[in-house]
Amino acid sequence: MNELKLSKRLETVVSFIPKQSKLADIGSDHAYLPCYAYLNGYITMAVAGEITDGPLRSAREQVKKTGLEHVISVRKGDGLEVIQPNEVDCITIAGMGGTLIKNILDKGKEKLVGVKRLILQPNVGAHVVRQWLIDHDWELIAERILEEDGKIYEVLVAEKGDGKKPYVHLEAEVLLGPFLLKEQNEAFRKKWRQEIAQWRKIVHELSKKATTDEALAKRKELERKIQLVEGILE
């Protein structure tokens with residue numbers, strides 16, 4: 001992977017960047033995404049944010065090697081603290097857990113002024129991100145689910161609006177994704193078959209030793225989720 005060829009996962013993320021965007025890529029790692037996005041005409045400028053020294057150095061070297069220092073600013077900082085309000089109009093956050101993405105958005109809410117689109121790729125816990133979007137008036141406008149190298153990824157795209165608009169059956173669709181649920185492609189079905197198998201293992205373990213109220217409640221919750229998802233996959 002480099003500035004000319006991204007992984008399928010990151011290519012999917014980039015495909016949702018509106019043309020002529022000013023981008024912030026949070027947790028940019030090697031800065032491949034903003035370099036690729038600029039070289040392919042998606043963006044006019046970018047901020048590549050990194051909190052860790054190693055990836056920060058890699059990002060700076062990549063931007064320098066590609067000759068894009070005049071349009072991509074590599075900055076060290078925690079989450080959205082690397083940008084100012086109204087500095088960018090599109091934000092990508094890819095390759096983190098859903099809870100971490102939610103925390104980044106929560107801590108940086110005041111930096112979202114002027115941002116028109118969020119493109120979020122949680123490795124796990126996409127439902128946590130969907131709930132945050134609902135709670136903060138960001139409307140989910142598109143989703144993708146894909147498999148690459150044996151791993152399954154979800155990409156969520158949101159714009160300011162009515163957070164609840166895409167949802168009809170809130171609980172099921174927050175968990176599974178309203179757009180993904182309609183499409184139910186092979187990656188979607190594989191992901192949720194795997195989830196059900198994992199939940200069944202946990203339920204089995206809890207059945208043998210669940211004596212506390214907390215453990216019993218967890219088992220009951222997992223059994224309810226299994227029933228919910230199985231009903232959808234039938």
Side-chain angles (χ1 to χ4, degrees), residues 1 7-13 15-16 26-27 29 92-106 118-136 138-158 163-234:
M1 190 165 72
S7 63
K8 192 163 74 164
R9 170 180 70 92
L10 291 183
E11 268 188 4
T12 304
V13 171
S15 73
F16 286 108
I26 305 302
D29 202 10
T92 51
I93 310 177
M96 302 179 198
T99 301
L100 180 52
I101 291 175
K102 167 195 171 288
N103 292 342
I104 286 170
L105 294 170
D106 249 343
L118 299 173
I119 306 165
L120 311 168
Q121 185 268 298
N123 286 347
V124 294
H127 64 286
V128 175
V129 179
R130 288 189 192 97
Q131 190 60 57
W132 187 92
L133 295 171
I134 290 168
D135 293 342
H136 295 85
W138 284 86
E139 183 185 324
L140 195 64
I141 61 162
E143 297 177 297
R144 291 285 184 279
I145 186 166
L146 62 130
E147 184 173 5
E148 183 172 38
D149 298 331
K151 293 182 181 171
I152 295 174
Y153 301 103
E154 293 177 56
V155 178
L156 315 182
V157 186
K164 287 186 177 172
K165 188 177 175 185
Y167 298 92
V168 180
H169 306 290
L170 196 63
E171 184 190 12
E173 290 173 350
V174 167
L175 181 63
L176 302 164
F179 297 98
L180 303 180
L181 185 52
K182 283 193 188 89
E183 184 189 358
Q184 287 202 35
N185 69 11
E186 189 46 47
F188 174 91
R189 296 181 71 80
K190 183 175 179 180
K191 173 190 166 75
W192 290 108
R193 283 195 295 263
Q194 289 173 348
E195 289 286 348
I196 288 169
Q198 188 60 32
W199 291 340
R200 283 193 187 286
K201 278 185 196 168
I202 298 167
V203 166
H204 180 67
E205 288 303 310
L206 289 172
S207 299
K208 290 192 290 188
K209 58 189 179 187
T211 51
T212 66
D213 288 346
E214 188 184 353
L216 289 167
K218 184 177 181 184
R219 183 181 128 194
K220 201 170 178 181
E221 169 65 10
L222 284 174
E223 286 171 340
R224 205 173 59 75
K225 276 185 174 178
I226 291 166
Q227 192 175 16
L228 176 75
V229 178
E230 279 187 332
I232 285 160
L233 293 181
E234 279 173 1

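The basis for the numbers below is simple: all heavy atoms, side chains too, and nothing from hydrogens, waters or symmetry mates.
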To the nearest 0.5 Å, atom CG of L222 lies from atom CD of E195 at 10.5 Å
Please check if atom CD in E186 has more than 12 non-hydrogen atoms from other residues, nucleotides or ligands closer than 6.0 Å.
-> yes
For F179, is the NZ or CZ atom of K182 found under 6.0 angstrom from the centre of its six-membered ring and inside 45 degrees of the ring axis?
-> yes
Mind running side chain to side chain contact (heavy atoms under 4.5 Å, CB included) on L180 and L176 for me, showing each step along the way?
-> CA-CA 7 Å; L180 303 180; L176 302 164; over 6 Å; no
Option among K191, R144, H127 that satisfies the side chain to side chain donor-acceptor pair (under 3.5 Å) test with E154 = K191
With rounding to the nearest 0.5 Å, note down the distance linking CD in Q198 to CH2 in W192.
-> 12.5 Å
Partner of V129 under side chain to side chain contact (heavy atoms under 4.5 Å, CB included), chosen from I101, I93, T99 = I101
Flag side-chain contact, heavy atom, 4.5 Å: P178 against R130 | yes
Derivation of the side chain to side chain contact (heavy atoms under 4.5 Å, CB included) call for Q194 and I152 = CA-CA 11 Å; Q194 289 173 348; I152 295 174; 4.2 Å; yes
Spatial distance of atom CH2 (W199) from atom CG (L206) [nearest 0.5 Å] | 14.0 Å
Decide yes or no on side chain to side chain contact (heavy atoms under 4.5 Å, CB included) for H136 and L105, but give the supporting numbers first.
-> CA-CA 10 Å; H136 295 85; L105 294 170; over 6 Å; no
Derivation and outcome, salt bridge (Lys or Arg N to Asp or Glu O under 4.0 Å), residues K151 and E148 = CA-CA 5 Å; K151 293 182 181 171; E148 183 172 38; over 6 Å; no
Please test R219 against E223 for salt bridge (Lys or Arg N to Asp or Glu O under 4.0 Å), starting from the C-alpha separation and ending with a verdict.
-> CA-CA 6 Å; R219 183 181 128 194; E223 286 171 340; 3.3 Å; yes
Distance-only, no hydrogens or angles: does the E143 side chain make a donor-acceptor pair with backbone N or O of L156 under 3.5 Å?
-> no
Minimum heavy-atom distance A94-V13, with the two atoms named = CB-CG2, 4.4 Å
Would you check if I202 and E205 make a side-chain contact, meaning some heavy-atom pair closer than 4.5 Å?
-> no
Out of curiosity, L233 CG to K190 NZ, how far, rounded to the nearest 0.5 Å?
-> 14.5 Å
Rounding to 0.5 Å, atoms CG (L120) and CG (L140) come to a distance of 9.0 Å
Answer yes or no: is there an ion pair linking K218 with E221, defined by an N-O contact shorter than 4.0 Å?
-> no
Approximate separation, where rounding is to 0.5 Å, of I134 CD1 and L170 CG | 5.0 Å
Answer yes or no: is there a donor N or O on one side and an acceptor on the other, between the side chain of N123 and the main chain of G97, under 3.5 Å?
-> no
Start with the C-alpha gap between Y153 and L10, add the side-chain angles, then the distance that decides, and say whether side chain to side chain contact (heavy atoms under 4.5 Å, CB included) holds.
-> CA-CA 10 Å; Y153 301 103; L10 291 183; over 6 Å; no
Using the salt bridge (charged side-chain N to carboxylate O under 4.0 Å, His left out) rule, pick out the option among R224, R200, K225, R193 that qualifies with E230.
-> R200
